[in-house]
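Reminder, nothing fancy here: chain letters follow the sequence lines and each chain counts from 1.
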Amino acid sequence: MIEKTTRECCVEAVRVLYGQEISVETIGFEKTKREIEGDFSVVVFPLAQYARKSPEAIAMELGGYLADKLPVIREFHVIKGFLNLVMTEKFWLDFLEKEASSEDFGRSPRRDASPVVLEYSSPNTNKPLHLGHIRNNLLGHSLSLILEANGYDVRKVNLVNDRGIHICKSLFAYMKWGQGETPKTSGIKGDHLVGKYYVLFEKHYKEEIRELMASGMTEEEAAQGADLIREAQEILRQWETSDPDIIRLWRTMNSWTYEGFTRSYERLGVEFDRIYYESDTYLQGKELVYEGLERGVLKKKADGSIWVDLQDEGLDEKLLLRADGTSVYITQDLGTAEQRYEEYHPSKMIYVVGNEQIYHFDVLKKVMKKLGKPAADTIYHLSYGMVELPEGRMKSREGTVVDADDMMDEMYRTAEETTRELGKVDDFPEEEAGILFHTIGMGALKYFILKVDPKKNMLFDPKESIDFNGNTGPFIQYTHARIKSLLRKAADAGYVMRDTGSTIRDSSSLLPRPSSLVPHNSFLLPPEREILKLLYQYPSVVSQAGAELSPALIANYIYDLAREYNQFYQEIPVLREERKELIGLRLMLSAITGKVIRKGMELLGISVPDRM
RNA sequence: GGUCCAGUAGCUCAGGGGAUAGAGCAACAGCCUUCUAAGCUGUCGGUCGAAGGUUCGAAUCCUUCCUGGAUCACCA
């Protein structure tokens, strides 16, 4: 790699020229900015202290040394403390033909290491998915692909939250007001039907609290004393003692939800290797708690509840098991972590969970540690920011959530409307058009969400909706379709491509002959060089995205590449070029740009159409 | 109150020690007899929350403060 070579050569130069030993980290190496002439830049400011000369003088001497030793450098320019290197055309042609055209460009070889377990989605079964869940699912799915591209053996797991008081609320509401309604009889998608009863419960519960407060109770007393919540708690107890009627209804309602989730997952294009259910793991969690109690690392209070004391860790005391023996959220997470660790012996267990649960995972990790479980060290909480609406956070209780299914419907409709208006599908068969609307709609939604740094909160304004112009999924998809169209025309004109259309098979028939390049050492135009520089960065962007667990890095990179390509496309003729010897290179540049766009978008879980 | 995260153009977001701080949207002005105009070009728009500090160099690192958010549940 040129970066490594250059850095090492700089170290050598400093030794030879100034008799000083420096480490490779001392040298700054970066892609030269767009508006400055050059391909790569060496930052020489830090060298001033070793050479006792002005940065400019050092840059000149260093440039001379590098140009002398590295034949891939054609020339160099010095601006202030920057040494800007211009690579030879041969360097770039070699890069295109050898590295960039490989199918593995941007993928690391498989690491010989234990797997990474990646948990995402993790829905509750009492209500349908909303926009926040969409962010979670898209992030998780994209991360799995990015980690795989970085050579990791990834296991995608989903932990379904199918037990707990919230589920019992839906159950109870259904028992009370359901009248035997089913998804079939009502025509309502299963998860939405269950959600309807959850909302119904909350509504009546709220009313009851209000009434109790009117009769003199404090809010807290009312919230705990209301008949509805007591009934729900009673159902939770019956559930934990396996009351057959409760279990039967619970199974039925959950199956409705799963049926609904499966449809939403399919539309989103996410999948899992393994699905865990809390109803299966919470018992193991309880066991861990009892085990910890025996070993004396946990303690029992007078009422029989079991607690962990984390005050010496800077946290507080935390309840792990209620006095009545029922488990809380963290109880099952202890069991899940242990079970998962036993099953995979992973090097890392990544949990894609919102930043509202930072404290929870801090506690989880520390409790596992206290229990002496090695799983503790593998737990990593990838906390992502909330999706906010203009009026603030989404709140299920206040009905301000943006429903996932509605959102996807809306994106499809907008895609269809826009595409038809532009007359893009006039010659498409109806079925193919439908696929395209889905591709574009989901592309817009996914890109919109993934382009922002996962750890930051993001704003979604339903009124302004999601754009299809500018820094958007459809813009990138469009650029890809444009490239494919160009390549189809090239094929018609007799230029030979590989089956994938991504690279050129017989490069000698397409590329300018090396001998013809030597005298024309500047035939690469600025936009072409810029694209080459960007393409060159792709592998490091993928590895950085893997290291930082950030799909946003890839999204923003692809946008830059697509934008740059559009400029090239608009300004520079390809098939219309009169100097035939240049056509091959431009086609190759286009083909590889198209491939990198496609591969990069794949890492985001977004597909790109060949025509749109 | 403790802890954590964020504050960059009117709005949504990049940039996380290096060159004159970038995109998109919005607004305005251009570009389709020519490879897809979901595109391209240009104009307008900034005390990078504030003040100190470290450094040859700070939007970026450190300290303090201000503002917003999350969390500190026998909810999940």
- Task: Using Watson-Crick or G-U wobble pairs with both distances under 3.5 Å, give me RNA chain B in dot-bracket, 5' to 3', with [ ] for crossers and | for pairs to another strand.
- Result: (((((((..((((....[...)))).(((((.......))))).....(((((..]....))))))))))))....
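Rounded to a whole Å, the NZ atom of A/Lys580 is 12 Å from the C1' atom of B/C35. Between the NZ atom of A/Lys33 and the P atom of B/U20 there is a distance of 7 Å, rounded to whole Å. One interatomic measurement links the two molecules: CZ of A/Arg34 to P of B/U20, which rounds to 18 Å at whole-angstrom precision. Rounded to whole angstrom, the span from the OH atom of A/Tyr565 across to the C1' atom of B/U36 amounts to 11 Å. Atom CD1 in A/Ile449 sits roughly 14 Å away from atom P in B/A14 (whole-Å rounding).
Using atom C1' as the reference point in both B/G17 and B/C25, the two lie 31 Å apart (nearest Å). For B/G69 and B/G45, the P atoms lie 32 Å apart once the distance is rounded to whole Å.
Counting only N and O atoms by type, the side chains of A/Tyr384 and A/Asn136 include a donor and acceptor under 3.5 Å apart.
Nucleic acid contact class of A/Phe82 (heavy atoms, under 4.0 Å, all strands): base. In this structure, A/Lys424 reaches the bases: a heavy-atom distance under 4.0 Å links it to at least one base atom across the strands shown. Residue contacts shown for A/Phe475 are limited to sugar-phosphate atoms, with no base heavy atom under 4.0 Å away. Counting any heavy atom pair closer than 4.0 Å across all strands shown, A/Pro55 reaches no nucleic acid atom. Residue-level contact check: A/Arg611 touches the bases, meaning some heavy atom is under 4.0 Å from a base atom. A/Asp303 comes within contact range of at least one nucleobase, with a heavy-atom separation under 4.0 Å. At a threshold of 4.0 angstrom between heavy atoms, the contacts of A/Ile440 include nucleobase atoms, whether or not backbone atoms are also involved. Using a 4.0 Å heavy-atom distance criterion, A/Thr326 is classed as making no nucleic acid contact. A/Val452 comes within 4.0 angstrom of the backbone, heavy atoms only, and of no base.
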Pick out the pairs of N or O atoms, protein on one side and nucleotides 23-29 of chain B on the other, that lie under 3.5 Å.
residue: B/A23; atom: O2'; partner: A/Tyr559; partner atom: OH; Å: 2.8
residue: B/G24; atom: O2'; partner: A/Asn471; partner atom: N; Å: 3.4

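Of the listed nucleotides (B/C35, B/C13, B/A76), B/A76 has the atom at the smallest distance from the side chain of A/Val328. Among the nucleotides B/G39, B/A38, B/C13, the one closest to any side-chain atom of A/Asn566 is B/G39. Ranking B/C74, B/C35, B/U36 by closeness to the A/Arg482 side chain, first place goes to B/U36.
Look at A/Lys456 and you'll find a side-chain N or O under 4.0 angstrom from OP1 or OP2 of B/A14.
Not less than 6.0 angstrom separates the ring centroid of A/Trp250 from the ring centroid of A/Tyr277.
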